[in-house]
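These notes concern the structure reproduced below.
These figures come from a predicted structure and were not determined experimentally.
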Amino acid sequence: MASATEEAVSKDRAISAKINAEGEIVELKFHTTAYKSMPPAELSAAVLDVVRRARDRMQDRVMAAYTPFAPEGIDMEAARAGGFDPAKMLADLGLDKLDFTDPSRFGR
């Protein structure tokens with residue numbers, strides 16, 4: 001996934017955007033000069049649309065790649081939406097009472 005990108009192109013094929021697996025815009029292209037005559041709000045909406053669609057495609061791709069490796073019971077869609085609670089996961093696994101700050105747990 002380190003080198004993966006996803007691209008979206010505007011309906012009129014004038015603008016495209018590429019997003020990497022970290023969600024960063026790595027390329028934004030204007031394929032014609034049509035943007036020069038677009039009202040600012042229209043241009044902004046077109047750019048935001050291609051970026052959003054490319055980002056959504058990349059998120060779907062990342063989720064498909066990593067979901068098989070997620071611990072059982074992890075709701076990957078909730079994690080994707082920012083609803084992942086690591087404390088709840090540890091509690092569900094019965095690990096919430098462990099003291100990970102105690103060096104003797106790690107043979108030191």
Residues in side chain to side chain contact (heavy atoms under 4.5 Å, CB included) contact with Ala46, at least two apart in sequence or another chain: Ile15, Met38
Closest heavy-atom pair and its distance - Ala8, Ala54: CB-N, 3.6 Å
Ala17 versus Leu28, closest heavy-atom pair with distance: CB-CD1, 4.0 Å
Listed once per pair and sorted, the side chain to side chain donor-acceptor pair (under 3.5 Å) pairs that draw on residues 30-44, sequence neighbours left out: Ser16-His31
Interatomic spacing from CD1 in Ile19 to CD1 in Ile25 - rounded to 0.5 Å: 5.0 Å
Gap separating the CD atom of Glu7 from the CZ atom of Arg57, nearest 0.5 angstrom: 8.5 Å
Test side chain to side chain contact (heavy atoms under 4.5 Å, CB included) applied to Ala4 - qualifying residues, sequence neighbours left out: Met1, Met58, Arg61
Co-membership, hydrophobic cluster, residues Met76 and Val62, 4.5 Å side-chain: no
Expected output: side-chain Arg53 to main-chain Val9 donor-acceptor under 3.5 Å: yes
